[in-house]
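Everything numeric in this text was worked out from a predicted model, so none of it was measured. Protein chains get the first letters and strands the later ones, always in sequence-line order, with residue 1 at the start of each.
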There are 2 protein chains.
Amino acid sequence: MLNNQGALDQVFQALADPARRAMVERLTRGPAAVSELARPLDMTLSAVVQHLAVLETSGLVRSEKVGRVRTCRIEPKTLRNAEQWIAQRRAIWERRLDRLGEYLASQPEDDTSKE
Amino acid sequence: MLNNQGALDQVFQALADPARRAMVERLTRGPAAVSELARPLDMTLSAVVQHLAVLETSGLVRSEKVGRVRTCRIEPKTLRNAEQWIAQRRAIWERRLDRLGEYLASQPEDDTSKE
DNA sequence: CCAATACTTAAGTGAATGCTTAACAATCAG
DNA sequence: CTGATTGTTAAGCATTCACTTAAGTATTGG
């Protein structure tokens, strides 16, 4: 859990690109070869390999090569880290709103409705 | 819910920067002025204003100016959209693993444990 | 062996990012 | 009015990004 700072940078950066999100989306339906990931994308294989490198260094995807085929799969742990960062902020925000609600409810009606 | 594609691009892109995440983090504890957001960050006010612009066009933050002070607050709806994208991928992945588990459990033991 | 398949790597390019400085505008306090 | 706050905006600059083309390197099927 060290260096969570730069790790999140890389994960969110990786998810910021639609091609990379499409690749992640494909991989949630099961492992795939590089050219399978490339097929629906309107770019060269070379570009896809570079996107894959971004996904791998972010930790979102891992892959191994057997023969001439590299098979990729997602790493759900990394996905969960990103999810949790967001979920925690949202939780803090919502607790804050709850406390604010209680406070307002406990206040006497200060009806200063004249100019 | 239109154009969810580019919207997610912007949200994840916004979250990919540590200064911007720090600003979001600060705002989850309540609204703040621009110079309050700037104080802990080691950069000029100008840079902070530019980060704020990124956060606002992504929809993560909204702000209004009264007098000479601009007050910023987070927009939890946008945060939730990003969270849901991730949560959905993770859900699909986990359902997949469940089905795979059931399949393996239903298989006869193929104990080919000799060389 | 030979040619297709499945990547891999390097170099280059134009556009986007993350800053900075500097000059400016609009309050507000005394 | 005058100066200190609080931001805003433009310009410039170095770096990073998202590609492309081009030239490889294994593997594999026949």
Range on DNA chain C touched by chain A, heavy atoms, distance below 4.0 Å:
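Answer, 5' to 3': dA4(C) to dA10(C).
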Answer with yes or no whether the side chains of S58(B) and Q13(B) bring together a donor and an acceptor at under 3.5 Å.
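No, S58(B) and Q13(B) have no side-chain donor paired with an acceptor closer than 3.5 Å.
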Look at the side chain of [X] and the backbone N and O of [Y], then say whether any donor-acceptor pair between them is shorter than 3.5 Å.
{"X": "R21(A)", "Y": "L15(A)", "answer": "yes"}
{"X": "T78(B)", "Y": "G59(B)", "answer": "yes"}
{"X": "T44(A)", "Y": "A47(A)", "answer": "yes"}

Give, ordered by number, those residues of residues 61-72 of chain A having at least one heavy-atom distance below 4.0 Å to an atom of DNA chain D; if nothing qualifies, reply none.
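G67(A), R68(A) - these, ordered by number, are the residues of the stretch whose heavy atoms sit under 4.0 Å from the strand.
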So [Y] and [X], do their side chains get closer than 4.5 Å, heavy atoms only?
{"X": "Q88(B)", "Y": "T28(A)", "answer": "no"}
{"X": "M23(B)", "Y": "V61(B)", "answer": "no"}
{"X": "L60(A)", "Y": "L79(A)", "answer": "yes"}

Quick check with a 6.0 Å cut-off and a 45 degree axis cone: is R96(B) positioned over the face of W93(B)'s six-membered ring?
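Yes - R96(B) lies over the ring of W93(B), closer than 6.0 Å to its centre and within 45° of its axis.
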Interatomic distance where CG belongs to D17(A) and P belongs to dT16(D) [whole Å]
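To the nearest whole Å, that distance equals 18 Å.
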Mind calculating the distance between CD (Q13(A)) and C1' (dT16(D)) to the nearest angstrom?
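To the nearest whole Å, that distance equals 9 Å.
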In this structure, which one of R70(A), R29(A), R26(A) forms a salt bridge (charged side-chain N to carboxylate O under 4.0 Å, His left out) with E36(A)?
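So the option named by the test is R26(A).
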Among R89(B), Q84(B), R90(B), which one satisfies side-chain contact (heavy atoms from CB on, under 4.5 Å) with E83(A)?
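Looking at R89(B), Q84(B), R90(B), the match for E83(A) under the side-chain contact (heavy atoms from CB on, under 4.5 Å) is R90(B).
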Among residues 38-59 of chain B, which ones have heavy-atom contacts with DNA chain C below 4.0 Å?
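Here the set is M43(B), T44(B), S46(B), A47(B), Q50(B), H51(B).
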